[in-house]
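Accompanying notes for the structure given below.
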Amino acid sequence: MKVAVVGATGLVGSEILTVLAERNFPVTELIPVASEKSKGKEIEFKGKKYKVVTPSEAIALKPNVALFSAGGETSTAYAPLYAEAGITVVDNSSAWRMDPTKKLVVPEVNGNVLTAADKIIANPNCSTIQMVVVLKPLHEKYKIKRVVVSTYQSVTGTGVKAVDQLMNERAGIDGEKAYPYQIDLNVIPHIDVFQDNGYTKEEMKMIKETNKIMGDDSIRVTATTVRIPVMGGHSESVNIEFENDFDLNEVRQLLAAEEGVIVVDDPANLKYPMPKDAHGKDEVLVGRIRRDESQDKTLNLWVVADNLRKGAATNAVQIAELLNQKGLI
């Protein structure tokens, strides 16, 4: 099993390497891929050193699967070339997510849609992934009408430059900025670029991707996405209106039984999910489970996950695991 990691030197690429090792994915040969400037650099994986190659060079090495995390431009340029060479691509950028000819996959939610014909598979947006994992069992049981989500997203979602900005500001150092404003001791209600409708691209991703992954355009979604000065995970306040009424204990049981979900919901003992608790975990944590008393058949949840793990690297590796289990790579 030859595995290429495109963007191996980046934040998510490094996390993919960690997750591949931790989950014992059957890698017989690793092909770390990055830009020309990183060519020849050595990457260590499971005690062995591998030299970084360019995206073009990696195609000739014929990996079985290529996990892309090098941005939309690289994905748009190279994913079709890999696919033409018979290499299955799992892409972590937004380049292919809303392409009607490409599958957008969260294995626990819609892994059954994958076929041998799928050579470019899109990994969803981090904030969408953690939400749909929680929505799936609830939709199956009570049928979701509408979701109102507000996010509290880690600076790691922007990348190394944003992490540096936060730590520099905290230390009183004037450095390069990833955001138009100070992020330390601040909250920025703006992730990605603004659209003509007043929403940001991140908000529209959450809306459109949820419908595509859930396979149901009748679910109405509205989102407000916010950057906060934390590292280690994204948090979400999710308000869900259902067609059918629910029992709170049954909701807890459904969520606790769902693969990849951990219920942390004990307000009497001040137990609820926080990003620092999700850091380094593959599971989605859910708590603050309560009825919305302002409206019938409506539920409030607090959902937390490590955005570099389940929100990106882990989900990509899980897609590769599923492809392998199905004999598709």
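- Ion pair Lys141/Glu250 flagged as a salt bridge, since at least one NZ, NE, NH1 or NH2 atom sits closer than 4.0 Å to an Asp/Glu carboxylate oxygen.
- The number of heavy atoms from other shown groups lying within 6.0 Å of CG (Asn197) is above 12.
- Met231 contributes atom CE, which lies 10.5 Å from atom CG of Leu308 (distance to the nearest 0.5 angstrom).
- Here the side chains of Glu44 and Leu30 are not in contact, with every heavy-atom distance at 4.5 Å or above.
- When the shell of 6.0 Å around CG of Asp174 is examined, it contains 12 or fewer heavy atoms from other residues, nucleotides or ligands.
- Counting only heavy atoms from C-beta outward, the side chains of Val132 and Met214 approach each other to under 4.5 Å.
- Partners of Thr101 by side chain to side chain donor-acceptor pair (under 3.5 Å), not counting sequence neighbours, listed by chain and number: Asp99.
- Using a 4.5 Å heavy-atom threshold, the side chains of Thr210 and Leu135 count as touching.
- Every residue two or more places apart in sequence or in another chain was checked for a side chain to side chain donor-acceptor pair (under 3.5 Å) with Lys37, and none qualifies.
- Under 3.5 Å, the side chains of Thr224 and Tyr199 contain no donor-acceptor pair of N or O atoms.
- Ring pair His190/Phe194 is tilted by interplanar angle, where 30° to 60° counts as tilted.
- Legend: side-chain hydrogen bond (donor to acceptor under 3.5 Å, both in side chains) pairs involving residues 55-66, not counting sequence neighbours, sorted by first then second residue: Lys39-Glu57, Thr54-Glu57.
- Without hydrogens or angle criteria, Lys2 side chain to Leu61 main chain gives a donor-acceptor distance under 3.5 Å.
- Residue Met204 is grouped with residue Val221 when hydrophobic side chains (ILVMFWY) are merged at heavy-atom distances under 4.5 angstrom, including chains of intermediate members.
- Residue Asp282 holds its CG atom at 7.0 Å from CD of Glu22, rounded to the nearest 0.5 Å.
- Here Asp245 pairs with Arg291, Lys297 under the side-chain contact (heavy atoms from CB on, under 4.5 Å) rule; sequence neighbours left out.
- Atom NE2 of His139 has more than 12 heavy atoms from other residues, nucleotides or ligands within 6.0 Å.
- For Met98, the side-chain contact (heavy atoms from CB on, under 4.5 Å) partners at least two apart in sequence or on another chain are Lys208, Glu209, Lys212.
- Remark: the backbone N or O of Ala117 is paired with a side-chain donor or acceptor of Thr115 at under 3.5 angstrom.
- Considering Ile319, Asp118, Ile120, Asn110 in turn, Asp118 is the only one that fulfils the side chain to side chain contact (heavy atoms under 4.5 Å, CB included) rule with Lys103.
- Pairs of residues two or more places apart, or lying in two chains, that qualify as salt bridge (charged side-chain N to carboxylate O under 4.0 Å, His left out) and include a residue from residues 213-233 are Lys143-Asp216.
- Atom CD1 of Ile43 and atom CD1 of Ile31 lie 13.5 Å apart (nearest 0.5 Å).
- Partners of Lys51 according to the side-chain contact (heavy atoms from CB on, under 4.5 Å) rule, which considers only residues two or more places apart in sequence or in another chain, are Glu42.
- Not a single salt bridge (Lys or Arg N to Asp or Glu O under 4.0 Å) links Asp247 to another residue, sequence neighbours left out.
- With Glu73 contributing its side chain and Gly71 its backbone, the two residues share no donor-acceptor pair below 3.5 Å.
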For this session: Output, in order, the C-alpha distance, side-chain angles, deciding distance and verdict of ring pair (Phe, Tyr, Trp, His ring centres under 6.0 Å) for Tyr82 and Phe68.
Result: CA-CA 11 Å; Tyr82 279 64; Phe68 271 63; 5.0 Å; yes
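- For the side chain to side chain donor-acceptor pair (under 3.5 Å) test, no residue two or more places apart in sequence or in another chain qualifies with Asp306.
- Linking ILVMFWY side-chain heavy atoms closer than 4.5 Å, directly or via other members, places Val230 and Val163 in two distinct hydrophobic clusters.
- The neighbour count for Gln295 CD, taken as heavy atoms of other residues, nucleotides or ligands under 6.0 Å away, is above 12.
- Residues that satisfy the side-chain contact (heavy atoms from CB on, under 4.5 Å) test with Arg288, not counting sequence neighbours, are Tyr272, Arg290, Trp302.
- Between Ile188 and Gln182 the shortest side-chain heavy-atom distance does not fall below 4.5 Å.
- The backbone N or O of Ser127 sits nowhere less than 3.5 Å from a side-chain atom of Gln130 that would complete a donor-acceptor pair.
- A donor-acceptor distance shorter than 3.5 angstrom exists from the side chain of Gln165 to the backbone of Tyr179, with no hydrogens or angles considered.
- Under 4.0 Å is where a charged nitrogen must lie from a carboxylate oxygen, and between Glu108 and Lys136 no such pair does.
- Cluster annotation: Val106 is not connected to Val317 through the hydrophobic network of ILVMFWY side chains, with a link wherever side-chain heavy atoms come within less than 4.5 Å.
- Between Tyr142 and Ile144 the shortest side-chain heavy-atom distance does not fall below 4.5 Å.
- Looking at Asp277, its side chain never comes within 3.5 Å of a backbone N or O of Pro273 through a donor-acceptor pair.
- The closest donor-acceptor contact from the side chain of Thr128 to the backbone of Pro124 lies at 3.5 Å or more, if one exists at all.
- Between the CG atom of Asn324 and the OG1 atom of Thr88 there is a distance of 11.0 Å, given to the nearest 0.5 Å.
- Remark: side-chain polar atoms of Ser38 are not paired, donor with acceptor, to backbone N or O of Ala34 under 3.5 angstrom.
- Annotation: side chain of Val147 is not in contact with side chain of Met206 (no heavy-atom distance under 4.5 Å).
- A search for side chain to side chain donor-acceptor pair (under 3.5 Å) contacts involving Asn123 returns Asn92, Asn315, not counting sequence neighbours.
- Both Leu254 and Val286 are assigned to one and the same hydrophobic cluster, defined by single-linkage of ILVMFWY side chains at heavy-atom distances under 4.5 Å.
- The main-chain N or O of Ile262 is never found under 3.5 Å from a side-chain atom of Glu283 such that the two would form a donor-acceptor pair.
- A salt bridge is absent between Asp91 and Arg97: the closest approach of a Lys/Arg side-chain nitrogen to an acidic carboxylate oxygen does not fall below 4.0 angstrom.
- Put simply, the side chain of Ser154 reaches to within 4.5 Å of the side chain of Asn307, judged on heavy atoms.
- Under a hydrophobic-cluster definition in which Ile, Leu, Val, Met, Phe, Trp and Tyr are linked whenever side-chain heavy atoms come within less than 4.5 Å, directly or via other members, Met167 and Ile173 are assigned to different clusters.
- A salt bridge does not link Lys271 with Asp265: every distance from a Lys NZ or Arg NE/NH1/NH2 to an Asp or Glu carboxylate oxygen is 4.0 Å or more.
- A salt bridge links Arg170 with Asp184: the closest approach of a Lys/Arg side-chain nitrogen to an acidic carboxylate oxygen falls below 4.0 angstrom.
- Counted within 6.0 Å of CZ on Phe242, heavy atoms from surrounding residues, nucleotides or ligands total more than 12; the atom is thus considered enclosed.
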Pairs under 3.5 angstrom only: tabulate donor-acceptor contacts from the side chains of residues 11-21 to other protein residues two or more places apart or in another chain.
from	atom 1	to	atom 2	distance (Å)
Ser14	OG	Gly10	O	2.7
Glu15	OE2	Arg309	NH1	3.3
Thr18	OG1	Ser14	O	3.1

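- Within the 4.5 Å cutoff, side-chain heavy atoms of Gln318 are placed close to those of Glu321.
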